[in-house]
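Just so you know, these numbers come straight off a predicted model, no measurement behind them.
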Amino acid sequence: MKISGAEAVIRCLLAEGVDLIYGYPGGAIMPVYDELYKFQDQLHHVLVRHEQGATHAAQGYARATGKVGVAIATSGPGATNLVTGIADAQIDSTPLVCITGQVGRHLLGSDAFQETDIIGISTPVTKWNFQVTEASQIPEIIAKAFYIARSGRPGPVLVDITKNAQFDEFEFSYEKCTGIRSYVPVPKLNLDKVAEAAALINSAKKPFIVFGQGVILGQAEAEFKAVIEKAGIPAAWTILGLSALPTDHPLNVGMLGMHGNYAPNLLTNECDVLIAFGMRFDDRVTGKLSTYAKQAKVIHFEIDPAEVDKNVKTEIAVLGDVKESLAALLPLLDAKSHDLWHNEFKELNKVEYDSVIKEELNPTNGKGISMGETIEMINKHSKGDAIIVSDVGQHQMFACRYAKFNSTKSNITSGGLGTMGFALPAAIGAKMGKPEREVVAIIGDGGFQMTIQELGTIFQTQVPVKIVILNNEFLGMVRQWQELFFDNRYASTKMINPNFIAIAEGYYIKSKKVTQREDLDAAVAEMLASKDSYFLEVVVEKENNVFPMIPTGACVSEIRLS
């Protein structure tokens, strides 16, 4: 079958099972869009309002479904506008395939109109990229792109296609990629290492598990739950690991890191064996590395060899697929309860509740609505069944600390890159990927204005996303640091905001603003009962801080409650 390169792109996407893509047309990608028009009954395209919105929406889709997200853009500024979302996907291990148009092969390197070296620009933030200059290359390269994006530790891939390659015809055939020489996405599991790990865990008096998104990406939630229940080990999560284990599970001891829970942070430096599953010991979790868990023997279950011993020295490294590793580990573990060790967590949890949580969830100080009580009200009406998509800042930490989750792939946020503006388009992708689930975006007034134009995407597509703006008229996290570490010098963090309700109503989205505590319950109930998109602005306390907190450069044991 002789077809154009542009038609081949569409047929390759269909062959990979793609049914939804996000993008923005332009000159250098127009041939692909022309073919997309012909296949619109098989492949749904969502027109975003900015290319960054396309990558974030594709991320939300991928994180909610476990599938590969797809974004498409033109050359030059269209391609460079994808880069922030690509970088976010790279550090958070999100499988994306991004397709960009490029000027014709004969114009490459001539500074032609809208020519940008997107291959050079994106190389540091992609798992792989490739520039297609001949139509016949398209099937093989797109097949490789999907294989690389989804295999092993997932990540973003970019395929740049010159305009001549889109127009030229060739004999088309497509074969999915199942392997690439020299690329080993999943290390072979060493069962001797698993046995060593089991023996060390069985001998531990104070074992402690820390788990990350690798458990979710490896679809190993059931195996993970079985392991911790048999061994009776307390388990704490990174923000991307949140929802791998139900938040109300008795062995779930909370959140690690800078704004994590008091007990898991303090007791990191008290455990004798620290077992890590699918997490990379980033700086927000470890704090000062030279003082992190020095008393513990560390076992690291990990798919990416580059992460082992990168930050924290391990006693035993178990490389391989986490689902396979957990299945091999389970029969080797002794059944235990570790009651005295669990009591240490419970005692510290009470300290945190009395010092921080009680006042945050039920303010009695006469101040305004708190972010924490807003999240708690969403819990009340969602019953822990919603997908929560949070942006970046104080509200993100409050959402991760207080949102309740019953099922996996329910917490979607920008972790490693910390991208403000992530939540609104990511929530669109999550809802389109999981239309049967309630999707609530939790966003600050600062981050919301970075991708506010995607309200237009919601209006055009009628995707029923629920949007909650926690408005404190500040760039709240930066303001908190300025208060604590810069003598209250609020340099460029106060926000003079527009009428958000009028803007939302301009996009014909039902809206409500809450300024009084007594109105919050009914407003959240109304929002979650709505069958359509809904915009809820909650005016919260201006100078509320999120605690506990580990100051930058401090040890996890130096966590502050105020």
- Which residues satisfy the side chain to side chain donor-acceptor pair (under 3.5 Å) test with E543, sequence neighbours excluded?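 Per chain and number, E543 pairs via side chain to side chain donor-acceptor pair (under 3.5 Å) with Y490.
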
- Task: May I ask you to decide if the ring planes of F224 and F277 are parallel, tilted or perpendicular, using 30° and 60° as cut-offs?
- Result: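 If you compare the ring of F224 with that of F277, the planes turn out perpendicular.
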
- Plane angle bin for F345 and H342 - parallel if under 30°, tilted between 30 and 60°, otherwise perpendicular: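 The rings of H342 and F345 sit tilted, inter-plane angle from 30° to 60°.
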
- Give the minimum heavy-atom separation between I442 and A423, together with the two atoms involved.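 Result for this residue pair: O-CB, 4.2 Å.
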
- Message: With ring pair (Phe, Tyr, Trp, His ring centres under 6.0 Å) as the test, pick out the partner of H56 among Y22, F422, Y61.
- Response: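 Per the ring pair (Phe, Tyr, Trp, His ring centres under 6.0 Å) rule, the option paired with H56 is F422, out of Y22, F422, Y61.
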
[X] and [Y] ion-paired at < 4.0 Å:
X    : Y    : result
R284 : D282 : no
K225 : E229 : yes
R280 : D304 : no
R401 : E352 : yes
K512 : E537 : no
K367 : E541 : no
E373 : R517 : yes

- Message: Would you compute the distance between atom CG of L217 and atom CD1 of I303 and round it to the nearest 0.5 angstrom?
- Response: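 Reported to 0.5 Å precision, the distance equals 9.0 Å.
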
- Item | From CD1 (I357) to NZ (K350), nearest 0.5 Å |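 It comes to 12.0 Å.
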
- Query: Would K510 count as a cation-pi partner of Y534, with NZ or CZ less than 6.0 Å from the six-membered ring centre and within 45° of the ring normal?
  - Reply: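 Cation-pi check for K510 and Y534: fails.
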
- Task: Determine whether the aromatic ring centres of F448 and F500 lie less than 6.0 Å apart.
- Result: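 Close enough - the centres of the two rings lie under 6.0 Å apart.
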
Any side-chain heavy atom of [X] sitting closer than 4.5 Å to one from [Y]?
X    : Y    : value
V312 : T286 : yes
T55  : C98  : yes
Q396 : I239 : yes

- Which residue, D519, V514, V539, forms the side chain to side chain contact (heavy atoms under 4.5 Å, CB included) with I369?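 That would be V514; it is the only one of D519, V514, V539 passing the side chain to side chain contact (heavy atoms under 4.5 Å, CB included) with I369.
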
- Message: Between D445 (side chain only) and E473 (backbone N and O only), is there a donor and an acceptor less than 3.5 Å apart?
- Response: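 Judged by distance alone, yes, a pair lies under 3.5 Å.
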
- Message: Please check this pair: side chain of K358 against backbone of S355, looking for a donor-acceptor N/O pair closer than 3.5 Å.
- Response: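 No, because the side chain of K358 does not come within donor-acceptor range (under 3.5 Å) of the backbone of S355.
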
- Message: Among residues at least two apart in sequence or on other chains, which ones pass ring pair (Phe, Tyr, Trp, His ring centres under 6.0 Å) with H395?
- Response: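 H395 satisfies ring pair (Phe, Tyr, Trp, His ring centres under 6.0 Å) with no other residue.
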
- Enumerate the residue pairs fulfilling ring pair (Phe, Tyr, Trp, His ring centres under 6.0 Å) with a member in residues 538-562, sequence neighbours excluded, ordered by first and then second residue.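 Pairs touching residues 538-562 that pass the test: none.
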
- Report the residue from T493, N472, N488, N545 that forms a side-chain hydrogen bond (donor to acceptor under 3.5 Å, both in side chains) with R479.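 Result: among T493, N472, N488, N545, N545 is the only option passing the side-chain hydrogen bond (donor to acceptor under 3.5 Å, both in side chains) with R479.
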
